[in-house]
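Working notes, structure below.
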Amino acid sequence: MNFSLRSRALLLGLLLAGGGAAMAADGAPKASPSTAMAQRPGHAGIASANFMATNAGFEVLAKGGNAFDAAVAVASTLSVVEPESSGIGGGFMATLHIAKGNRNVFIDAREMAPMAVNPKDYLNPDGTPNRDTALKGPLSAGIPGEPAGLALLAKRYGKLPLSVSLAPAIRIARDGFKPDPRLLGSIKEEQKNLERWPASAAKFLPNGQPPATGEIWRDPDQAHTWELIAEQGDAGFYRGETAQKLVDAVHAAGGNWTLQDLANYRAKERTPITVDYRGYQIVTAPPPSSGGVAIAEILNILRGYDLAQMDQAHRVHYIVEAMRRAFRDHNDYLGDPDFVKMPLDMLLSPYYADGLRQSILPDQATPSSMLPHGPAQDPGMHTTHFSIIDKDGNMVGITSTVNYILGSTFVAKGTGVLLNDEMDDFALVPNKPNVYGLLGSKANAPEGGKRMLSSMSPSIVIGKDRSAVIGSPGGSTIITQVLEGILHFIDGQSAQQIAADKRFHHQFLPDVVDVEDGVFDAATSDSLRKMGYTLKPREAWGFMNVVTWDHRDNKLDAASDPRRPSGLGKVE
Ligand code: DON
């Protein structure tokens with residue numbers, strides 16, 4: 001890393017900040033204005049990671065709901081049928097385009113640390129990181145955001161009561177369903193951990209074993225908890241019976257939540273980040289996600305190059321160098337905007353990007369040599385993203401998560417609530433990587449009431465002729481996958497192509513380019529190696545779900561990642 005160029009770029013950015021991307025520095029909700037779109041598609045498209053969830057969304061649209069009611073149905077159904085990825089005990093981030101008034105909104109339903117959080121709980125007696133408390137059991141869980149986020153989405157933007165939009169999830173949890181191979185595989189993989197807590201075993205290991213293939217599996221406790229939310233809104237979760245059960249269960253297993261932590265939780269509206277690129281407006285996630293800042297920074301760097309005129313090796317070189325610089329800033333600056341001051345004006349400024357661009361050599365990789373690095377774990381395919389466009393042109397992308405596979409693997413007795421293990425998304429131990437190999441600074445250190453930094457980047461791309469909702473799970477690779485999806489969409493690709501495209505990823509440290517098999521031909525790989533890149537095969541590439549809308553003929557397309565058979569993109 002060239003320090004002098006970096007400091008020069010920082011200084012230039014600070015002096016000349018302004019223009020470029022819009023941002024939410026203070027968390028105050030400001031709907032950002034949007035490129036005008038007068039048409040309505042007249043029909044709807046939904047792409048999610050599970051066909052039952054996609055169908056639940058259509059069921060609620062048929063009852064008179066809009067995209068936001070459908071989103072409540074899809075998210076709550078995913079909590080039941082895809083609990084390894086997201087759910088009632090987790091959190092989400094949502095990017096919304098509201099057709100009426102042409103506004104863009106962001107909802108932060110991210111988990112937050114309990115007030116009694118103690119960083120020592122995540123260290124072994126010898127001072128090394130304790131990966132078990134960070135990733136398993138109640139100490140790994142933040143206060144859930146999903147119930148509050150869905151209640152807010154329904155109340156402010158939906159047309160239907162929660163009793164209607166939650167009905168499919170409640171019905172499926174009560175009547176049961178056949179888990180798909182991915183859920184069965186996740187339960188098998190985590191069986192040893194699930195056996196550590198009786199309520200986890202009772203939910204996921206009926207008769208002491210994972211459900212058999214083809215067996216009907218039910219979750220009556222989760223159905224009951226959703227029913228309380230349907231009746232009482234978020235009070236049905238954060239107060240009363242469920243809150244008491246959650247706190248009792250967490251305490252009995254060594255955790256430190258209080259009733260006050262739950263009562264204090266609020267989903268928040270924030271100003272989305274918007275960035276203009278090649279005639280499109282990209283609306284994406286602000287802090288406490290790092291995704292939108294990184295995507296805006298990368299696009300601001302890339303706008304200085306004519307990528308279409310380059311061979312593949314050079315195109316990839318410039319994209320990777322932009323990724324490297326954006327992830328460096330992720331590690332150094334970003335955290336919960338309610339707790340840390342972040343130089344967003346600088347990071348999102350085109351002048352800052354100009355400075356960074358000057359530090360990129362035309363034919364050579366810049367080594368990331370600034371921080372010690374740890375190996376990134378394969379993020380698998382937990383966490384989930386879905387995209388919806390309704391007949392009126394409302395658009396919503398939601399990325400929702402319990403973090404690692406089956407979250408903390410801890411179920412709170414009597415609630416059906418599988419708690420997340422999102423505390424690992426904090427920089428729990430300075431300069432030690434989290435499960436995605438991400439490093440963090442003080443900005444993302446754990447503190448009571450603070451939200452841990454996320455990579456979730458639900459994004460809406462709005463153009464004169466075409467628009468799209470794009471997102472994916474994938475830990476730190478979410479940011480680069482969504483970025484590549486946006487670039488492919490702007491290049492004119494269809495929803496199906498975008499979901500299927502081969503991918504690559506760089507996150508500053510470790511200093512390698514993760515590559516999907518077949519993403520580069522032999523000559524490109526050769527050129528990249530000559531420029532100084534280390535290419536490393538990676539097997540798991542998220543689960544992208546995309547809906548596109550062509551304004552010229554009002555055609556919608558919905559596509560789910562062809563790497564994952566359980567997903568469904570559908571237009572009706
Ligand atoms: O919020 C985040 O960035 C992570 N908890 C997301 C985890 C994830 O995508 C795991 N999956 N593949």
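Bear in mind that the values here come from a model prediction, so they are computed numbers and not experimental data.
Electrostatic pairing of E111 and K450 does not count as a salt bridge here, judged by no charged N lying under 4.0 Å from a carboxylate O. Salt-bridge check for E572 with K570: passed, with a basic side-chain N closer than 4.0 Å to an acidic carboxylate O. Ion pair R270/D338 flagged as a salt bridge, since at least one NZ, NE, NH1 or NH2 atom sits closer than 4.0 Å to an Asp/Glu carboxylate oxygen. A salt bridge links K555 to D557: at least one charged side-chain nitrogen sits closer than 4.0 Å to a carboxylate oxygen. Residues R563 and E539 are not paired through a salt bridge, judged by the lack of any N-O separation under 4.0 Å between the basic side chain and the carboxylate.
Taken from CD1 in I388 to CG in L96, the straight-line distance is 10.0 Å, to the nearest 0.5 Å. Distance check: I486 CD1 to I460 CD1 gives 11.0 Å after rounding to the nearest 0.5 Å.
R182 places no side-chain N or O within donor-acceptor distance of the main-chain N or O of R564, the cut-off being under 3.5 Å. Under a 3.5 Å cut-off, the side chain of E215 and the backbone N or O of A212 do form a donor-acceptor pair. Between the side chain of S163 and the backbone N or O of A230 there is no donor-acceptor pair closer than 3.5 Å. Between the side chain of E516 and the backbone N or O of R503 there is at least one donor-acceptor pair closer than 3.5 Å. No donor-acceptor pair closer than 3.5 Å links the side chain of S48 to the backbone N or O of F386.
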Identify each donor-acceptor pair in which a side-chain atom of residues 412-419 lies under 3.5 Å from a protein atom, sequence neighbours left out, and give them as a table.
unit_1 : atom_1 : unit_2 : atom_2 : d
T415   : OG1    : A412   : O      : 2.6
T415   : OG1    : V417   : N      : 2.9

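Listed by first then second residue, pairs satisfying ring pair (Phe, Tyr, Trp, His ring centres under 6.0 Å) with a partner in residues 199-238 read F177-W217, F204-W217, Y238-Y265, not counting sequence neighbours. For the salt bridge (Lys or Arg N to Asp or Glu O under 4.0 Å) condition, no pair includes a residue of residues 231-240, sequence neighbours left out. For residues 242-262, every residue pair satisfying the salt bridge (Lys or Arg N to Asp or Glu O under 4.0 Å) rule, not counting sequence neighbours, is listed here: E241-K245. Within the structure, ring pair (Phe, Tyr, Trp, His ring centres under 6.0 Å) contacts touching residues 44-81 (residues at least two apart or in different chains) do not occur. For residues 141-171, there are no ring pair (Phe, Tyr, Trp, His ring centres under 6.0 Å) pairs, not counting sequence neighbours.
Annotation: side chain of N403 is in contact with side chain of D425 (closest heavy-atom distance under 4.5 Å). Counting only heavy atoms from C-beta outward, the side chains of M112 and E447 never approach each other to under 4.5 Å. Using a 4.5 Å heavy-atom threshold, the side chains of P473 and S85 count as separate. Side-chain contact check for V283 versus H97: every heavy-atom pair is 4.5 Å or farther apart. With a 4.5 Å cut-off on side-chain heavy atoms, W541 and Q481 count as touching. Side-chain atoms of L205 and I187, non-hydrogen and from C-beta on, do get closer than 4.5 Å to each other.
Residues satisfying the salt bridge (Lys or Arg N to Asp or Glu O under 4.0 Å) test with D221, not counting sequence neighbours, are none. In terms of the salt bridge (Lys or Arg N to Asp or Glu O under 4.0 Å) criterion, K391 has no residue partners (sequence neighbours excluded). Residues meeting the side chain to side chain donor-acceptor pair (under 3.5 Å) test with N124, sequence neighbours left out: T128, N130. Residues passing the side chain to side chain donor-acceptor pair (under 3.5 Å) test with T480 are H505, sequence neighbours excluded. The side chain to side chain donor-acceptor pair (under 3.5 Å) check on D392 picks up R40, with sequence neighbours excluded. Residues satisfying the side chain to side chain donor-acceptor pair (under 3.5 Å) test with R174, not counting sequence neighbours, are E227.
In this structure, R110 is not positioned above the aromatic face of F92 in the sense of NZ or CZ being under 6.0 Å from the six-membered ring centre and within 45° of the axis.
Residues F543 and H385 keep their aromatic ring centres 6.0 Å or farther apart.
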